[in-house]
Amino acid sequence: MSLSIAVKAKKSTLISLMRLSSFSSATSSSSSTVSLKPSGRLQQTLAGSVEVNGKALHSGKVSTVKLLPAIAGAGRYLEFRSRSIPASIEFAQESPLCTTLLKDGLRIRTVEHLLSALEAKGVDNCRIQIESESESPDDREVEVPICDGSAKEWVEAIEEAGINVAQNHDGETVEKMVAHVNKPVYVRKNDSFVAVFPDLETRITCGIDFPQVPAIGCQWFSWKPEHHSSYAKDIAPSRTFCVYEEVEKMREAGLIKGGSLDNAIVCSAEHGWMNPPLRFDNEACRHKILDLIGDLSLVARGGNGGFPVAHIVAFKASATFISPSSFPDIKRVNSFIIKSVCLCLYQMQAGHALHNELARHLTID
């Protein structure tokens, strides 16, 4: 997806005010924008291994993920078809409505919920094996299970495996370095943006606006990791959401294979939430924070970095419905629609792309 960053984009009042402030654009050098500093904590990994399997949203196939310990300095990386793909922004492919890792022609889709849980729980180093039960010799892609649409099952799996201090090849512990933002930076597309401000602690503020879906409407939520269980309690249970009318259009086109009421909360523009109760009144907004943590975890390298010490503010307005009539050749773009809409992730198309673009500018070479 092509992003227009601070140029030739629609100027909302908020964005105009941002530009008049002391903001630097996303083209600022990482060295002046971000610095690594000691965290006072040692790098961690899992104490044991744990396995999770479930259905993938866009393909409907069942896949299995095995989480295993990794040495200090290894970072988080995925293994598919005996090939390793680091969970790094270098390998993030811009794909609407989900985050995909791509290396050597192999794709692993919808990694954000798993990575969000690993980052928030402090698993700095992790070996992640993934395979599809219906895998054929020609398959070049696989998708992480959607579980119930949240990160709750991933948190439970991590807690089941336990967490230990990681050691390197020499049996030594390694202090974790974390990214600190030195000056404001932002990326935007039209009236959607993600901005980062220097701060003494990590905080995330997120806003969404769905005027055409009154039950969702405009929501704001601000969160900071106050204690080790705050993510598991406040963020991880929030599920992805979708709009009923749009899901039906995709279902009628025969495109939805893995979506169900078991892996998304569904909202009708006319009738409201179809499968209550919600876990939080602002569950939709909280889920955006869950995604953001997963996407910005791609800043991590070698067990360092990860989600930065900063105040991150995200706002995604003017969400766009995608329907079969949007495309001239439904067969040619079938795979695009599946990954874009049939994920049951009703959100701003630029959302994950904006997150990933920001992560690139927060990465220190």
Side-chain angles (χ1 to χ4, degrees), residues 1-4 9-16 57-58 95-98 112 146 149-150 187-195 205-222 238-256 259-261 263-292 295 313-328 330 333 336-355:
M1 177 183 293
S2 176
L3 290 179
S4 174
K10 179 181 178 181
K11 296 181 181 178
S12 67
T13 302
L14 181 55
I15 294 296
S16 298
L57 256 177
H58 80 274
S95 51
L97 307 183
C98 73
E112 58 270 18
I146 192 61
S150 75
V187 292
R188 69 186 178 94
K189 181 175 182 179
N190 299 326
D191 52 357
S192 300
F193 70 86
V194 184
T205 300
C206 183
I208 60 174
D209 190 17
F210 289 78
Q212 67 277 52
V213 188
I216 300 176
C218 184
Q219 302 179 11
W220 283 92
F221 184 66
S222 189
S238 58
R239 296 160 292 178
T240 190
F241 60 99
C242 57
V243 174
Y244 173 77
E245 289 79 5
E246 294 306 306
V247 170
E248 286 303 301
K249 291 179 182 178
M250 297 301 101
R251 183 171 293 156
E252 291 168 5
L255 299 174
I256 296 178
S260 74
L261 294 177
N263 52 38
I265 47 175
V266 183
C267 192
S268 167
E270 182 178 357
H271 302 291
W273 293 104
M274 307 294 288
N275 53 337
L278 298 182
R279 293 173 179 173
F280 309 96
D281 289 342
N282 54 3
E283 184 170 356
C285 192
R286 291 181 189 232
H287 186 81
K288 299 298 187 181
I289 293 178
L290 187 159
D291 283 339
L292 181 59
D295 289 340
V313 182
F315 183 73
K316 305 181 190 70
S318 302
T320 303
F321 288 122
I322 303 177
S323 67
S325 61
S326 302
F327 302 94
I330 192 67
V333 298
F336 174 82
I337 296 176
I338 289 176
K339 76 178 181 181
S340 299
V341 181
C342 299
L343 291 175
C344 281
L345 297 174
Y346 179 77
Q347 58 189 345
M348 171 64 188
Q349 293 184 64
H352 288 292
L354 282 177
H355 298 171

Salt bridge (Lys or Arg N to Asp or Glu O under 4.0 Å) partners of residues 267-280, not counting sequence neighbours, each pair once: Asp148-Arg279
Heavy-atom pair of closest approach, residues Leu290 and Ser238: CD1-O, 3.7 Å
Are the side chains of Pro211 and Asp209 in touch, meaning some heavy atoms are under 4.5 Å apart? yes
Return the SG to CD distance between Cys206 and Gln219, rounded to the nearest 0.5 Å. 9.5 Å
To the nearest 0.5 Å, what is the distance between OH on Tyr244 and CG on Leu261? 9.5 Å
Rounded to the nearest 0.5 Å, what separates atom CG in Asp281 from atom CZ in Arg286? 8.5 Å
Polar side-chain atom of Asp291 near backbone of Lys288 as donor-acceptor pair, under 3.5 Å: no
Counterpart residues, side-chain contact (heavy atoms from CB on, under 4.5 Å), relative to Leu278 (two or more places apart): Ile265, Trp273, Glu283
Which heavy atom of Asp295 sits nearest to which heavy atom of Glu112, and what is that distance? OD1-CB, 3.6 Å
Spacing of CZ belonging to Arg239 relative to CG belonging to Asn263, to within rounding of 0.5 Å: 10.5 Å
Looking only at heavy atoms, what is the nearest atom pair of Ile208 and Cys285, with distance? CD1-N, 3.8 Å
Minimum heavy-atom separation for Val213 and Ser268, please, with both atom names. CG1-O, 4.2 Å
Main-chain N/O of Ala264 paired with Asn275 side-chain donor or acceptor, under 3.5 Å: yes
What verdict does the side-chain contact (heavy atoms from CB on, under 4.5 Å) test give for Asn282 and Trp220, after you've listed the backbone C-alpha separation in whole Å, the side-chain angles of each residue and the deciding distance to 0.1 Å? CA-CA 8 Å; Asn282 54 3; Trp220 283 92; over 6 Å; no
Apply the test side-chain contact (heavy atoms from CB on, under 4.5 Å) to residues Phe315 and Asp191: give CA-CA distance (whole Å), side-chain angles for both, the deciding distance (0.1 Å), then the verdict. CA-CA 8 Å; Phe315 183 73; Asp191 52 357; 5.6 Å; no
Can you name the closest pair of heavy atoms from Ala284 and Ile216 and give their distance? CB-CG2, 4.5 Å
